Amino acid sequence: MLNLLDTSFDHCIKCNVCTTRCPVAEANPDYPGPKQAGPDGERLRIKNPQLYDEALKYCTNCKRCEVACPSGVQVGTVIQRAKAKHGGFHQGPREFILSHTDLVGTLSSTAAPVVNVATGLKPVKTLLDKVLGIDKRQSLPKYSRQTFRAWFDPDRQTKFERKICFFHGCFTNYNDPTVGKHLVAVLNAMNIGVTLLKKEKCCGVPLMANGFFARARNNAQLNLGQFADKLNDNNRVECIIATEPSCAMTLRDEYPEVLQVDNYALRDRILFASAFIARELADGNVPKMKPVNLRVAYHSPCHLIKQGGVIHTMELLNGIPGLEVVMLDQKCCGMSGTYGFKKENYQTSQRIGEAVFDQLTTMDVDYVVTDCESCKMQIEMNTGYKVLHPITVMAQSLA
Amino acid sequence: MRQIETDVVIIGGGATGAGVLRDCAQRGMRAILVEKDDIANGTTGRNHGLLHSGARYAVTDCHSAVECIQENRILKHVARHCIEDTGGLFITLPEDDPDFQQTFVNACRRAGIETKILTPAEALRVEPNVNPRLLGAVQVPDGTVDPFRLTAANILDAEEYGGRLLNYTRVVDLVINQGRVCGVNCVNVKTGEKIAIYAQQVVNAAGIWGQQICEYADLSIRMFPAKGSLLIVDYRVNGMVINRCRKPADADILVPGDTISLIGTTSEKIPYSDIENIRVTPDEVEILLAEGEKLCPIMAKTRVLRAYCGVRPLISLGDDPSGRNISRGIVLVDHGDRDGLPGLITITGGKLMTYRLMAQMATDAVAKNLGNTQACTTAVRPLPGAGHDDVYAPQVSIPVSGSAKYRHGERAARFLADDKKQNAVICECEMVTRGEIEYAVHNLSATDLVDLRRRTRVGMGPCQGKICACRAAGIVSELTGEDDALNSIGEFMQERWKGVRPILWGDALREADLSYWLGNNLLGYQQLPSSDGTGNLTTNDVCFMGKMDKEGA
């Protein structure tokens with residue numbers, strides 16, 4: 001019981017900064033906050049595993065605690081691991097469906113027209129609510145008839161001398177390929193070709209959030225094997241790029257920290273899209289762009305904050321002519337991937353997001369911009385705004 | 001001067017004194033216990049908290065070993081909630097004599113202590129953090145005991161049988177009349193009130209301080225003060241007690257106690273005049289760390305929370321420079337028989353482990369002198385909290401209710417209420433609620449923060465009172481209607497600081513620094529009036545870091 005791999009909790013000096021930054025603790029009094037759930041609780045769980053606190057299930061794994069921690073405690077990871085070790089995940093059919101995004105995606109995109117209509121129908125929503133516990137006030141994401149991979153034409157990329165590999169993720173592939181298409185357009189305009197992995201599995205973020213760690217570890221191993229093949233010197237592929245912040249964070253940080261899958265040799269070459277593009281822009285590789293003449297509000301996703309990636313997206317947006325960007329307060333939207341879909345979390349999720357929704361209602365902007373598909377869903381469902389990915393805005397400005 | 005009359009007065013609120021109070025009360029004698037500070041403040045509260053199986057003494061002191069294993073079995077029954085039956089390992093490392101294991105097992109068998117020889121692989125399975133270099137291990141029925149809780153439970157039970165505790169009451173003289181001890185003169189150290197307690201029997205259970213008590217009657221009992229130092233680490237690095245399988249030496253026991261582990265002890269002879277001013281030295285810290293790492297290598301990268309030391313109350317029997325070869329045997333002296341001074345009984349020596357037996361022996365002597373023929377029942381009657389009733393508290397989170405039950409057994413039902421205010425967590429490291437604090441004040445005679453810590457673990461976690469001291473002081477003051485608790489913040493933090501000072505590096509240093517900023521700069525502890533009751537600001541009461549500045553550390 002004491003064979004500890006991670007003792008970062010030992011460095012906690014009880015400053016409580018993490019708890020002051022926890023969106024869940026602020027919204028839900030039943031959650032004791034990351035300090036108690038993480039480092040404090042860990043001492044108790046080591047003493048006696050039966051002292052595991054049920055309330056850990058309320059953690060959304062937003063990772064804001066880890067960003068806030070001045071002592072380098074991996075608070076979120078401590079909590080995730082504790083949940084995994086002490087059976088803290090409820091794993092029913094709902095969790096299976098919500099988390100196995102590539103499997104469900106494959107099935108659903110084949111039958112996209114039917115699935116999309118069905119999940120939008122009131123009786124179906126009520127049924128999902130009653131039977132599975134997927135809150136009926138939420139709209140499940142639509143599926144695309146054509147997956148991103150089916151759309152992607154590798155032959156059109158061969159003319160470029162420089163190449164990157166795009167880790168598209170489940171959402172871009174099955175639900176909405178728009179961002180992927182726009183990334184290809186933007187990079188091509190910068191004279192960079194796009195390749196895909198021979199085989200790509202879900203990064204694992206929804207699996208981990210629902211406790212399917214073995215499955216997530218398998219995916220991690222498969223993906224890293226694919227990365228190694230791709231980044232092999234003969235291919236001259238510069239790096240792996242993801243447009244989804246949670247995917248990028250998982251590939252870079254969660255593989256070693258949570259899943260204990262070593263990515264050390266490749267980690268520096270796995271990048272969030274904005275980081276790569278901002279670097280290119282700084283190096284003078286600026287595509288031809290025309291003014292977009294838009295005023296947008298930028299919402300920073302938690303998992304991008306965790307990577308320290310907000311600055312790259314800001315640089316990307318600032319490089320677009322005619323774009324006025326208003327930075328929203330860095331508050332969590334409350335969706336957290338699959339979390340907000342669960343009936344028991346709906347209220348907490350909404351309460352967390354209130355600050356974002358309220359700030360947006362006082363604003364006069366054309367669009368909201370954010371990097372994360374989950375934030376996009378939450379903001380679109382709760383405000384009148386249409387939400388765009390930064391890459392989409394950049395694609396629109398291409399001359 | 002207040003005058004009280006009773007049958008028995010007991011001096012010393014350690015485990016032994018508390019045990020005598022309980023035993024006397026259960027046998028129907030009127031009894032009062034006087035303690036100069038708070039319960040378990042002396043040697044009782046400054047040791048390993050190891051529930052010996054006796055194995056440690058089996059080779060060198062068979063008699064003590066037999067006492068230990070008998071009391072071990074009794075306490076596991078009557079003091080269930082103060083004890084954890086963790087089991088213990090005696091490990092043989094490459095540098096240890098491999099033949100000692102057989103000698104050890106044979107000696108344990110002679111003393112009636114069950115042993116089980118484990119291979120290194122088996123030992124690593126039951127104790128994953130044990131030094132993997134071990135050559136072998138012997139499993140014995142060691143456990144852990146919480147000395148504060150044990151003492152408090154004895155007092156609580158004694159009070160329920162009519163016994164009385166007068167803490168913060170110092171004995172300044174024995175009342176001797178016509179060649180007979182017939183009471184004690186005391187002073188309440190908080191209020192200055194003088195109290196005379198007249199009794200037919202006075203029991204000196206003052207441990208190392210018992211020498212002074214005897215001096216009041218010009219009797220000589222020479223104590224042999226041996227200082228022992230220990231370190232506490234942040235969390236339980238081991239699940240079982242780990243000993244070295246060799247003759248007892250410095251720093252060779254690692255005990256998992258409640259949420260922490262502790263390593264000890266050193267042994268150093270000190271002059272009797274120094275017993276009030278002992279401190280842990282850098283050399284001792286180094287020995288403890290180096291030896292602890294040999295038991296559990298993970299200790300090397302675990303944060304040390306604090307260091308502390310106590311004085312073993314051994315009776316001097318020879319000129320042994322280390323004090324280690326002296327028997328920990330129990331010494332009972334009826335001064336009527338030995339010195340022609342009836343009315344006074346001294347009970348000393350022994351161990352925390354044998355407190356109940358010592359209490360029984362002393363109470364037997366008292367009962368004989370008083371003609372009381374009631375039998376001792378302390379070996380069969382469970383202490384309050386050690387019952388088997390389940391505590392049903394579905395409205396409280398598991399870490400909160402689990403910690404409360406761990407500390408107070410079935411008595412936790414008295415404060416785990418369906419009430420949000422009661423269940424508010426005050427000490428977050430150790431999960432102490434407002435309800436538990438109220439219980440400690442109302443039922444366990446806690447009057448200030450230092451008392452409260454012994455009864456609840458408030459302030460004993462990694463933050464060493466930084467977060468909870470202020471909150472808890474407010475609650476205690478509110479409950480008692482007095483400022484004692486508020487004024488004790490300085491003393492409390494000073495006491496915490498004393499333990500942190502010897503290990504001030506790494507995370508403990510960062511923690512202390514944050515404490516300083518919060519305590520002094522934000523909350524203004526420096527401006528609190530002193531706790532000596534005068535209400536004056538004194539430099540001595542300035543919060544702990546003030547002391548650091550003064551001493552130029």
Side-chain angles (χ1 to χ4, degrees), chain A residues 1-20 22 25 28-59 65 68-73 75 78-79 82-83 85-88, chain B residues 84 86 124-130 144 233-240 256-261 296 298 301-305 396-406 420 424-425 427-431 461-468 506-515 517-518:
Chain A
M1 78 173 174
L2 283 162
N3 216 347
L4 299 172
L5 291 157
D6 173 17
T7 55
S8 80
F9 73 90
D10 192 25
H11 303 304
C12 171
I13 58 165
K14 314 299 169 195
C15 67
N16 280 297
V17 169
C18 57
T19 299
T20 68
C22 174
N28 181 359
D30 291 335
Y31 183 59
K35 172 177 161 286
Q36 268 189 48
D40 288 358
E42 196 67 6
R43 291 177 72 245
L44 300 177
R45 294 187 288 266
I46 291 171
K47 165 179 150 181
N48 179 359
Q50 288 178 354
L51 295 178
Y52 174 79
D53 190 349
E54 269 289 293
L56 264 62
K57 68 182 177 206
Y58 297 119
C59 169
C65 45
C69 180
S71 306
V73 181
V75 190
V78 170
I79 294 170
K83 283 164 78 173
K85 192 169 167 185
H86 301 278
Chain B
E84 227 182 299
T86 58
L124 278 160
R125 198 158 52 238
V126 292
E127 182 52 85
N129 278 339
V130 73
T144 69
V233 296
D234 183 23
Y235 59 94
R236 272 195 184 197
V237 294
N238 52 328
M240 300 171 85
D258 212 309
T259 52
I260 50 94
S261 282
C296 271
I298 195 175
K301 50 177 191 167
T302 306
R303 160 175 172 191
V304 182
L305 287 188
V396 189
S397 84
I398 298 289
V400 168
S401 64
S403 301
K405 282 186 252 183
Y406 181 85
K420 280 216 153 63
V425 175
C427 168
E428 296 170 25
C429 300
E430 300 293 336
M431 290 286 159
C463 88
Q464 292 288 303
K466 172 173 61 204
I467 303 296
C468 58
D507 291 320
L509 175 60
R510 296 171 57 243
E511 185 88 63
D513 197 27
L514 182 61
S515 261
W517 282 92
L518 288 177

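Sequence lines set the chain letters: A, B, ... in the order given, protein chains first and strands last, and positions in each chain run from 1. Remember, it's a predicted structure, so these values are computed and weren't measured experimentally.
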Chemist: Examine whether an atom of B:Thr302 lies under 4.5 Å from a heavy atom of chain A, and if so say whether it belongs to the side chain, the backbone or both; otherwise answer neither.
Modeler: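 Backbone plus side chain of B:Thr302, per the 4.5 Å heavy-atom cut-off to chain A.
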Chemist: Side chain, backbone, both or neither: which part of A:Pro70 has a heavy atom under 4.5 Å from chain B?
Modeler: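 Only the backbone of A:Pro70 comes within 4.5 Å of chain B.
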Chemist: Quick one: CD1 on B:Ile398 to NE2 on A:His86, what's the gap to the nearest 0.5 Å?
Modeler: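 Interatomic distance, B:Ile398 CD1 to A:His86 NE2, rounded to 0.5 Å: 13.0 Å.
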Chemist: Against chain B, work out which of A:Ser71, A:Cys15, A:Pro32, A:Ala55 has the most heavy-atom pairs shorter than 4.5 Å and name it.
Modeler: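 Top count of heavy-atom pairs under 4.5 Å with chain B: A:Ser71.
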Chemist: Using a 3.5 Å distance criterion without hydrogens, assess whether the side chain of A:Asp10 forms a donor-acceptor pair with backbone atoms of B:Arg303.
Modeler: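 Yes, the answer is positive, given that a donor and an acceptor are paired below the 3.5 Å cut-off.
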Chemist: In Å and rounded to the nearest 0.5 Å, what is the OG1 to CG distance from A:Thr7 to B:Asp234?
Modeler: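 So the gap between those two atoms works out to 9.5 Å.
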Chemist: Given side chains that start at C-beta, do those of A:Asn16 and B:Glu428 come closer than 4.5 Å, heavy atoms only?
Modeler: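 Yes, at least one pair of side-chain atoms sits under 4.5 Å.
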Chemist: What are the two closest heavy atoms between B:Lys466 and A:Ile13, and how far apart are they?
Modeler: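 That closest heavy-atom pairing would be NZ-O, 2.5 Å.
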Chemist: Can you tell which of B:Cys463, B:Ser397, B:Ala508, B:Cys429 has the highest number of heavy-atom pairs within less than 4.5 Å of chain A?
Modeler: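 The answer is B:Cys429.
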Chemist: Could you tell me the separation between the CD1 atom of A:Ile46 and the CG atom of B:Asn238, rounded to the nearest 0.5 Å?
Modeler: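 It comes to 11.5 Å.
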Chemist: Of the backbone (N, CA, C, O) and the side chain (C-beta and beyond), which part of A:Glu54 lies under 4.5 Å from a heavy atom of chain B, both, or neither?
Modeler: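 Contact with chain B: none, neither part.
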Chemist: Under a 3.5 Å distance rule, please check whether A:Arg43 uses its side chain to pair with a backbone N or O of B:Ile260 as donor and acceptor.
Modeler: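 Answer holds: no.
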Chemist: Give, for atom OH of B:Tyr406 and atom CG of A:Asn48, the distance between the pair rounded to the nearest 0.5 Å.
Modeler: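 The CG atom of A:Asn48 is 9.0 Å from OH of B:Tyr406, to the nearest 0.5 Å.
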Chemist: Any side-chain to backbone donor/acceptor pair from A:Lys47 onto B:Ser403? Under 3.5 Å, distance only.
Modeler: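 Between the backbone of B:Ser403 and the side chain of A:Lys47 there is no qualifying donor-acceptor contact (under 3.5 Å).
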Chemist: What heavy-atom pair brings B:Glu511 and A:Cys12 nearest, and what distance separates the two atoms?
Modeler: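 So the minimum-distance heavy-atom pair works out to OE1-O, 3.6 Å.
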Chemist: What part of A:Asp30 lies closer than 4.5 angstrom to a heavy atom of chain B: side chain, backbone, both or neither?
Modeler: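 Neither part; nothing is under 4.5 Å.
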